[in-house]
Amino acid sequence: MSNKIKVGVKVMPREVILDTQGRAIEQALKLNQMPVGQCRVGKFIELEFQDSQEQALKQAEEIAKKMLCNPLIETYEIKVL
Amino acid sequence: MKKIGVLRFSGTNCDRDVFSWIQLKGFHPEYLWHLDQFAINDYEALILPGGFSFGDYLRSGALAARSPVMKSVKEFSKQGGPVLGICNGFQILCEAELLPGALVKNEGRRFIDDWVDLQCVGVSSRFASQVKGSIRLPIAHGDGRYYLPEKDLQALWDSGQVWFQYRNENPNGSVQGIAGVLSKNKNIAGLMPHPERAIADWMGGTDGWSFL
């Protein structure tokens with residue numbers, strides 16, 4: 001029996017980078033009488049593994065570092081789902 | 001006879017323009033597919049054209065930068081082979097860490113299709129060596145804002161890696177109006193404007209002709 005584990009990777013644009021989607025949503029919220037201080041848009045990526053939790057987290061970390069996140073402009077967080 | 005390789009990814013769309021330009025200049029172009037590696041010694045230069053490789057999924061150039069053909073590009077450039085990335089090609093070279101920095105969404109949030117004035121401020125080992133001073137080229141990009149952390153900018157200037165800057169107007173909010181950069185040893189070059197779209201009078205300008 002296979003043991004599936006899902007790991008989530010959250011990637012957010014760094015504060016210094018202009019988040020165009022976030023800014024557009026922020027303005028639309030204001031126009032709809034739902035003002036917020038700041039709205040930022042990132043990505044959430046679900047990865048599925050067959051390994052132990054420890055292995056899955058290790059692999060997800062490597063995938064995030066090598067492809068999902070560009071450290072110059074983004075930050076990431078990983079958690080088991 | 002050595003060839004100039006023109007890289008093709010899914011979503012590349014300036015490949016035929018670049019191919020014709022190479023032919024018109026009397027060189028021998030050949031397409032290189034993103035899934036294949038190639039014999040680096042058969043080529044005198046490589047060009048990564050513009051477009052929207054892999055639909056700009058994840059980040060512009062991110063998936064293309066990690067495709068099999070890029071292993072050969074890295075080998076080729078490591079030996080000093082000249083590589084030019086135009087627009088999406090520039091984004092791919094940055095994502096592949098062959099050039100410093102990153103290209104993010106235009107400050108004005110719009111896709112820009114326009115002609116811009118540029119100032120040549122650096123010297124590439126192979127490309128645009130005849131280009132001096134001010135020129136005019138077309139741009140067509142949504143993610144053209146060059147970004148490098150503040151702390152790294154001085155080093156980029158000190159090592160002569162700033163290649164082109166926008167003159168008069170900064171169309172996309174690039175840091176210090178940077179439009180093109182070079183690698184440390186100047187064999188790898190990246191540029192947001194499109195020289196291949198300015199090689200004949202009927203195109204609106206000829207300043208791109210001498211980039212090759």
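This structure is a prediction, so every number in the text was calculated from the model and none was measured. Lettering follows sequence order; numbering is per chain, from 1. Heavy atoms only: backbone and side chains are in, while hydrogens, waters and symmetry mates are out.
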In terms of heavy-atom proximity below 4.5 Å to chain A, should B/N106 be classed as side chain, backbone, both, or neither?
backbone

Are there over 12 heavy-atom neighbours, none belonging to B/E97, within less than 6.0 Å of that residue's CD?
no

Turns out that what part of B/E95 lies under 4.5 Å from chain A's heavy atoms comes down to side chain

Is it the case that atom CD in B/Q176 sees more than 12 heavy atoms from other parts of the structure closer than 6.0 Å?
yes

By number, which residues in residues 111-142 of chain B have some heavy atom less than 4.5 Å away from chain A?
none

Could you tell me whether B/K3 atom NZ has more than 12 heavy atoms of other residues or ligands within 6.0 Å of it?
yes

Chain B neighbours within residues 38-45 of chain A, where any heavy atom lies under 4.5 Å away
A/K43, A/I45

Are there over 12 heavy-atom neighbours, none belonging to B/K78, within less than 6.0 Å of that residue's NZ?
no

Listed by residue number, which members of residues 65-76 of chain A have a heavy atom under 4.5 Å from any heavy atom of chain B?
A/K66, A/M67, A/L68, A/C69, A/N70, A/L72, A/I73, A/E74

Of the backbone (N, CA, C, O) and the side chain (C-beta and beyond), which part of A/I17 lies under 4.5 Å from a heavy atom of chain B, both, or neither?
side chain

Distance check, rounded to the nearest 0.5 Å: A/L18 atom CG versus B/R109 atom CZ?
7.5 Å

If contact means a heavy atom pair closer than 4.5 Å, which residues of residues 32-62 of chain B contact chain A?
B/L58, B/R59

Given heavy-atom pairs under 4.5 angstrom as the criterion, report whether the side chain, backbone, both or neither of A/R14 touches chain B.
neither

